[in-house]
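Here's the structure we're looking at; comments come further down.
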Amino acid sequence: MRIDIATLFPQMCETVLDESIIGRARRAGIIEINCHNIRDYTDDKHRRVDDTPYGGGKGMVMQAQPVYQCVDYIKSQRRDNPPVLFMSPAGKTLTQKYVCELAESEGFIVVCGHYEGIDQRVIDQIADDEISVGDYVLTGGELPALILADAVGRLCSGVLSDDECYINESFYSGMLEHSHYTRPEVWRGMEVPAVLLSGHHANIEKWRKDDSIRRTTEKRPDLL
């Protein structure tokens with residue numbers, strides 16, 4: 001799996017991707033994630049990559065050419081023909097189903113917008129998909145891109161210790177995961193459900209399935 005992130009803030013992305021499970025997977029060579037600075041592909045001597053919007057208005061818009069050249073370079077360094085994904089509030093909402101589809105591919109390229117957005121012409125020219133992480137607006141596409149890389153990366157073989165680590169998780173099966181408990185058995189007067197202490201695996205599995213249905217019904221009935 002190879003993921004390439006085109007961004008104005010590669011160090012921001014590297015800081016997050018070097019930590020925890022994804023960081024260990026990168027260092028072990030299980031997954032490859034590269035962060036590319038879009039500023040390196042501008043023709044402007046001051047490394048500017050944005051300009052004022054046509055039609056007026058506040059803010060700046062990222063220019064098409066630096067984004068195009070950055071993605072074009074990334075593609076020239078890859079042997080496959082990866083999809084180009086733009087992180088955008090206008091895109092389709094990211095789901096676990098889509099994450100699983102991406103995890104089965106050889107990889108993809110993610111483009112992070114910033115400021116007021118990216119010149120629509122380069123999106124129309126090279127985007128295979130636009131992805132949103134929710135109906136809200138952030139200062140840039142870096143955090144959404146990191147969410148996508150983390151969600152996909154953790155499903156790659158060898159990143160987690162066992163496939164069971166994610167197969168029973170929320171959304172993987174279409175419902176929320178069951179509740180979790182650990183020591184101590186009693187905390188502030190609240191006890192761990194007795195069935196989880198019974199050692200009866202069939203009863204525990206039944207309780208977990210029932211609890212998954214209960215939580216989904218109470219918290220996310222739309223999933224049902």
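By convention here, the first residue in the shown sequence is residue 1.
Using a 4.5 Å heavy-atom cutoff, the side chains of I5 and C112 are in contact. Residues L197 and V192 form a side-chain contact, since some pair of their non-hydrogen atoms from C-beta on lies under 4.5 Å apart. In this structure, the side chains of V195 and H200 stay at 4.5 Å or more apart for every pair of heavy atoms. Taking the side chain as every heavy atom from C-beta outward, L155 and Q96 approach each other to under 4.5 Å. At a threshold of 4.5 Å between non-hydrogen side-chain atoms, the residues F108 and V84 do not count as touching. Using a 4.5 Å heavy-atom threshold, the side chains of M60 and T52 count as touching. Using a 4.5 Å heavy-atom threshold, the side chains of M1 and S105 count as touching. Using a 4.5 Å cut-off on side-chain heavy atoms (C-beta onward), L102 and L85 make contact.
For the pair P82 and D128, the tightest heavy-atom approach, listed with the atom from each and the gap, is O-OD2, 4.2 Å. Scanning all heavy atoms of the two residues, the minimum distance from C35 to L17 falls at SG-CD1, 3.9 Å. The shortest non-hydrogen separation linking G153 to V159 is O-CG2, 3.2 Å. Scanning all heavy atoms of the two residues, the minimum distance from E130 to S88 falls at OE1-OG, 3.4 Å. When all heavy atoms of L223 and G174 are compared, the closest pair comes out as CB-O, 3.6 Å. Between Y98 and L94, the shortest heavy-atom distance links the atoms CD2-CD1, 3.9 Å.
Counting only distance, with no hydrogens or angles, the side chain of R220 and the backbone of M175 share no donor-acceptor pair below 3.5 Å. The backbone N or O of Q63 sits nowhere less than 3.5 Å from a side-chain atom of D119 that would complete a donor-acceptor pair. Distance alone, capped at 3.5 Å, places no donor-acceptor pair between the R154 side chain and the I21 backbone. T15 places a side-chain N or O within donor-acceptor distance of the main-chain N or O of Q11, the cut-off being under 3.5 Å. Between the side chain of T42 and the backbone N or O of R48 there is at least one donor-acceptor pair closer than 3.5 Å. Looking only at distances, a side-chain donor or acceptor of T216 sits under 3.5 Å from a matching main-chain atom of L176. A donor-acceptor pair is defined here as one N or O able to donate and one able to accept, closer than 3.5 Å; no such pair exists between the side chain of D211 and the backbone of H178.
Taking CD1 of I3 as the start and SG of C13 as the end, the distance is 11.5 Å to the nearest 0.5 Å. Once rounded to the nearest 0.5 Å, the distance linking SG of C70 with CG of N37 reads 8.0 Å. M87 contributes atom CE, which lies 9.5 Å from atom CG of L146 (distance to the nearest 0.5 angstrom). Residue I213 holds its CD1 atom at 6.0 Å from CG of D210, rounded to the nearest 0.5 Å. Of the inter-residue distances, the one linking E116 atom CD with M62 atom CE reads 12.5 Å to the nearest 0.5 angstrom. Atoms NZ and OG, on K92 and S132 in that order, are 12.0 Å from each other to the nearest 0.5 Å.
Applying the salt bridge (Lys or Arg N to Asp or Glu O under 4.0 Å) definition to pairs two or more places apart or across chains, those involving residues 65-91 are D4-R78, R78-D80.
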One pair to check against side chain to side chain contact (heavy atoms under 4.5 Å, CB included): D129 and F86. What are the steps and the verdict?
CA-CA 6 Å; D129 226 335; F86 279 68; over 6 Å; no
Report the C-alpha separation of L8 and D50 in whole Å, then their side-chain angles, then the decisive distance to 0.1 Å, and conclude whether the side chain to side chain contact (heavy atoms under 4.5 Å, CB included) test is met.
CA-CA 11 Å; L8 295 178; D50 60 342; over 6 Å; no
Evaluate the side chain to side chain contact (heavy atoms under 4.5 Å, CB included) criterion for residues I204 and S198: first the C-alpha distance (whole Å), next the side-chain angles of each, then the deciding distance (0.1 Å), finally the verdict.
CA-CA 8 Å; I204 291 173; S198 68; 4.2 Å; yes
Hey, mind stepping through T7 and M12 against side chain to side chain contact (heavy atoms under 4.5 Å, CB included) and telling me if it holds?
CA-CA 9 Å; T7 170; M12 172 184 174; over 6 Å; no
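More than 12 heavy atoms of other residues, nucleotides or ligands shown are found within 6.0 angstrom of NE2 on H180. Counting non-hydrogen atoms of other residues, nucleotides and ligands closer than 6.0 Å to OH of Y68 gives a total of 12 or fewer. Around atom CD of E185, no more than 12 heavy atoms belonging to other residues, nucleotides or ligands sit under 6.0 Å away. Within a 6.0 Å sphere centred on CZ of R47, other residues, nucleotides and ligands contribute more than 12 heavy atoms. In the displayed structure, Y136 atom OH is contacted under 6.0 Å by more than 12 heavy atoms of other residues, nucleotides or ligands. Crowding of D135 atom CG: a count of heavy atoms from other residues, nucleotides or ligands under 6.0 Å not exceeding 12. The neighbour count for E106 CD, taken as heavy atoms of other residues, nucleotides or ligands under 6.0 Å away, does not exceed 12. For R27, the CZ atom sits in a packed shell: over 12 heavy atoms of surrounding residues, nucleotides or ligands are nearer than 6.0 Å.
Remark: Y41 engages Y73 in a ring pair (Phe, Tyr, Trp, His ring centres under 6.0 Å) (not counting sequence neighbours). Applying the ring pair (Phe, Tyr, Trp, His ring centres under 6.0 Å) test to H114 and every residue at least two apart in sequence or in another chain returns F9.
Residues V152 and V133 fall within the same hydrophobic cluster, defined by Ile, Leu, Val, Met, Phe, Trp and Tyr side chains chained together at heavy-atom separations under 4.5 Å.
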